[in-house]
Number of protein chains: 2
Amino acid sequence: MEKQARDCQVDEALEIIVGKWKPIILLLLFENKVMRFNELKRAIPGITQKMLTTQLRELEEEDIVNREVYAQVPPKVEYSITAYGKSIEPVLEAMHEWSTLHLEHKKNKDTKYITTHTR
Amino acid sequence: MEKQARDCQVDEALEIIVGKWKPIILLLLFENKVMRFNELKRAIPGITQKMLTTQLRELEEEDIVNREVYAQVPPKVEYSITAYGKSIEPVLEAMHEWSTLHLEHKKNKDTKYITTHTR
DNA sequence: TGCTATAGTATCTTTTAGGATACTGTAAGG
DNA sequence: CCTTACAGTATCCTAAAAGATACTATAGCA
């Protein structure tokens with residue numbers, strides 16, 4: 001039953017990355033090192049405050065993202081990737097590379113479909 | 001706005017792999033090359049027929065998995081990874097590796113927690 | 001004659017993720 | 001005194017994913 005064991009481990013990684021906004025949050029933090037809450041919000045069109053909060057909390061919970069609160073008014077909260085969080089970058093990169101390939105593959109299928117069924 | 005472009009591409013990969021049973025299905029097919037429907041079902045404890053069917057159909061749709069039907073009774077249907085599907089293996093592997101690390105990381109956190117709060 | 005194996009469908013219900021909207025407190029600036 | 005920026009909560013609602021359960025056809029076997 002070693003197959004199940006392996007599966008569980010893949011699921012572990014998935015749980016971190018899955019979430020509609022997590023990949024983009026991580027990519028932004030990898031690029032910019034440190035970002036404030038509203039900075040992230042502005043950089044991610046379409047996200048609501050609630051969604052940004054919950055996704056960040058989940059990433060924080062898993063020790064991927066660091067949250068630093070400054071005792072100021074108006075509030076200032078900075079997010080960054082933890083030392084441990086950096087270890088996930090290769091996974092994002094593998095996915096990014098494959099996605100590029102996949103988009104290409106889909107494009108070709110579509111083209112084929114169109115030329116086959118039109119004249 | 002190159003950030004959004006990158007994000008979209010990661011999402012592409014995620015859509016393929018996400019689905020509660022897709023990783024284990026893919027891992028099994030990578031290992032065993034060819035498997036019949038019920039063979040998969042028996043290898044994945046807890047999955048229902050409906051779930052197995054829908055997940056396989058989605059993978060087939062994306063050209064990751066091949067479905068071969070034999071005109072027999074009782075039916076015989078064989079599933080395998082397509083040539084294109086093989087290209088996704090590095091992604092699974094990156095995730096698998098990181099997951100191992102992550103489990104280790106979590107274990108350490110838990111241990112720390114326990115020793116800190118008991119006596 | 002009934003039973004089994006195979007590879008599914010068809011329905012219905014539950015669970016979870018995601019989203020819309022409104023609200024909070026407080027300092028600085030006009 | 002009113003408004004803005006900031007970083008959130010609190011509620012409610014919808015849509016999508018997942019799950020439970022029952023059903024299908026048919027050849028071969030005892």
Side-chain angles (χ1 to χ4, degrees), chain A residues 4 7-8 10-26 28-29 32-62 64-81, chain B residues 4 7-8 10-26 28-29 32 34-62 64-80:
Chain A
Q4 273 86 337
D7 162 61
C8 278
V10 171
D11 285 350
E12 277 297 319
L14 271 177
E15 269 168 45
I16 305 300
I17 304 165
V18 171
K20 194 170 171 189
W21 309 96
K22 281 179 191 167
I24 217 245
I25 291 172
L26 291 174
L28 285 167
L29 290 179
N32 300 75
K33 309 296 178 195
V34 175
M35 289 180 86
R36 296 181 60 173
F37 184 86
N38 271 6
E39 213 174 336
L40 277 165
K41 188 167 175 273
R42 277 188 294 265
I44 306 174
I47 199 170
T48 62
Q49 279 177 315
K50 184 202 158 195
M51 274 298 104
L52 184 52
T53 307
T54 59
Q55 305 278 293
L56 283 169
R57 289 289 182 285
E58 284 170 29
L59 290 169
E60 203 193 339
E61 190 71 19
E62 299 289 352
I64 306 294
V65 159
N66 186 261
R67 176 168 180 265
E68 185 154 9
V69 184
Y70 295 81
Q72 303 182 352
V73 167
K76 174 177 173 182
V77 181
E78 282 183 346
Y79 292 92
S80 56
I81 303 283
Chain B
Q4 273 85 340
D7 163 60
C8 276
V10 171
D11 285 349
E12 278 296 319
L14 272 177
E15 269 168 45
I16 305 300
I17 303 165
V18 171
K20 194 170 171 189
W21 310 96
K22 281 178 191 168
I24 217 245
I25 290 172
L26 291 174
L28 284 167
L29 289 179
N32 300 77
V34 174
M35 289 180 86
R36 296 181 60 175
F37 184 85
N38 270 7
E39 214 175 336
L40 277 165
K41 187 166 175 271
R42 277 188 294 265
I44 307 172
I47 198 170
T48 62
Q49 279 178 314
K50 184 201 157 194
M51 274 299 106
L52 184 52
T53 307
T54 59
Q55 304 279 291
L56 283 169
R57 290 288 182 285
E58 284 170 29
L59 290 169
E60 202 193 340
E61 191 71 19
E62 299 288 353
I64 306 293
V65 159
N66 186 261
R67 177 171 180 263
E68 185 154 10
V69 184
Y70 294 81
Q72 301 182 354
V73 168
K76 175 176 173 182
V77 180
E78 282 184 349
Y79 292 93
S80 57

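Reminder, nothing fancy here: chain letters follow the sequence lines and each chain counts from 1. Note that the coordinates shown come from a computational prediction; the quantities given were computed from them, not determined experimentally. Side chains included, hydrogens not; waters and symmetry mates left out as well; all remaining heavy atoms used.
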Q. Between atom CD1 of Ile17(B) and atom CD1 of Ile17(A), what is the distance when rounded to the nearest 0.5 Å?
A. 8.5 Å
Q: Could you check Gly19(A) against Leu56(B) and say which one's nearest nucleotide on DNA chain C is further toward the 5' end?
A: Leu56(B)
Q: Check whether any side-chain nitrogen or oxygen of Arg36(A) sits under 4.0 Å from OP1 or OP2 of dA5(D), and answer yes or no.
A: no
Q: Taking side-chain hydrogen bond (donor to acceptor under 3.5 Å, both in side chains) as the test, write out the residues that go with Lys22(B), two or more places apart.
A: Glu58(B)
Q. Can you check the Met51(A) CE to dC13(D) C1' distance for me, whole Å?
A. 13 Å
(Q) Give me each pair satisfying side-chain hydrogen bond (donor to acceptor under 3.5 Å, both in side chains) with a member in residues 43-52 of chain B, each pair once, sequence neighbours excluded. (A) none
**Q.** Distance, nearest 0.5 Å, that separates CG of Asp11(A) from CD1 of Ile16(A)
**A.** 11.5 Å
(Q) Which heavy atom of Ser80(A) sits nearest to which heavy atom of Val34(A), and what is that distance? (A) CB-CG2, 4.2 Å
Q. At what distance, to the nearest 0.5 angstrom, does CE of Met35(A) lie from CZ of Arg42(A)?
A. 9.0 Å
Q: Would you classify Gln55(A) as touching base, sugar-phosphate or nothing, given that sugar-phosphate means primed atoms plus P, OP1 and OP2, and contacts are heavy atoms under 4.0 Å?
A: sugar-phosphate
Q) Which heavy atom in Phe37(A) sits nearest to a heavy atom in Leu52(A), and how many Å separate them? A) O-CD2, 3.6 Å
Q. Roughly, in whole Å, what's the span from CG in Asn38(A) to P in dT4(D)?
A. 15 Å
Q.
Need one value for Glu78(B): base, sugar-phosphate or nothing, where a base atom within 4.0 Å counts as base even if backbone is also close, heavy atoms only.
A. nothing
Q: Just call it for Tyr70(B): base, sugar-phosphate, or nothing, with non-hydrogen atoms closer than 4.0 Å on any strand.
A: nothing
Q | For atom CE of Met35(A) and atom P of dG8(D), their distance in whole Å | A | 14 Å
Q. Could you give the distance from CG (Asn32(A)) to CD (Glu39(A)), rounded to the nearest 0.5 Å?
A. 7.0 Å
(Q) Applying side chain to side chain contact (heavy atoms under 4.5 Å, CB included), can you list everything that pairs with Glu15(B), at least two apart in sequence or on another chain? (A) none
Q: Using the test side-chain hydrogen bond (donor to acceptor under 3.5 Å, both in side chains), find all partners of Gln55(B) that sit at least two apart in sequence or belong to another chain.
A: none
Q) Could you give the NZ-to-C1' distance, from Lys20(B) to dA16(D), as a whole number of Å? A) 15 Å
Solution key, residues 66-76 of chain B side-chain donor-acceptor pairs under 3.5 Å, sequence neighbours excluded:
| from | atom 1 | to | atom 2 | distance (Å) |
| --- | --- | --- | --- | --- |
| Arg67(B) | NE | Tyr79(B) | OH | 3.2 |
| Tyr70(B) | OH | Glu78(B) | OE1 | 2.9 |

Q.
Would you say Arg42(A) places a side-chain N or O within less than 4.0 Å of OP1 or OP2 belonging to dC6(D)?
A. yes
Q: Provide the start and end nucleotides, 5' to 3', of the part of DNA chain C that has atoms under 4.0 Å from heavy atoms of chain A.
A: dG18(C) to dA27(C)
Q. Between Lys76(A) (NZ) and dT4(D) (C1'), how many Å, whole number?
A. 19 Å
Q) How close or far is atom P of dA7(D) from atom CD1 of Ile44(A), stated in whole angstroms? A) 14 Å
Tabulate atom names and distances for all N/O pairs under 3.5 angstrom spanning the protein and nucleotides 20-29 of chain D.
none

Q | Distance, rounded to the nearest Å, where Leu40(A) contributes CG and dC6(D) contributes P | A | 13 Å
(Q) Counting C-beta onward and ignoring hydrogens, is there a side-chain heavy-atom pair between Ile47(B) and Ile24(B) closer than 4.5 Å? (A) no
Q) Through what angle, rounded to 10 degrees, does the axis of the helix from dT1(C)-dA30(D) to dG30(C)-dC1(D) turn between its ends, using five pairs per end? A) 20°
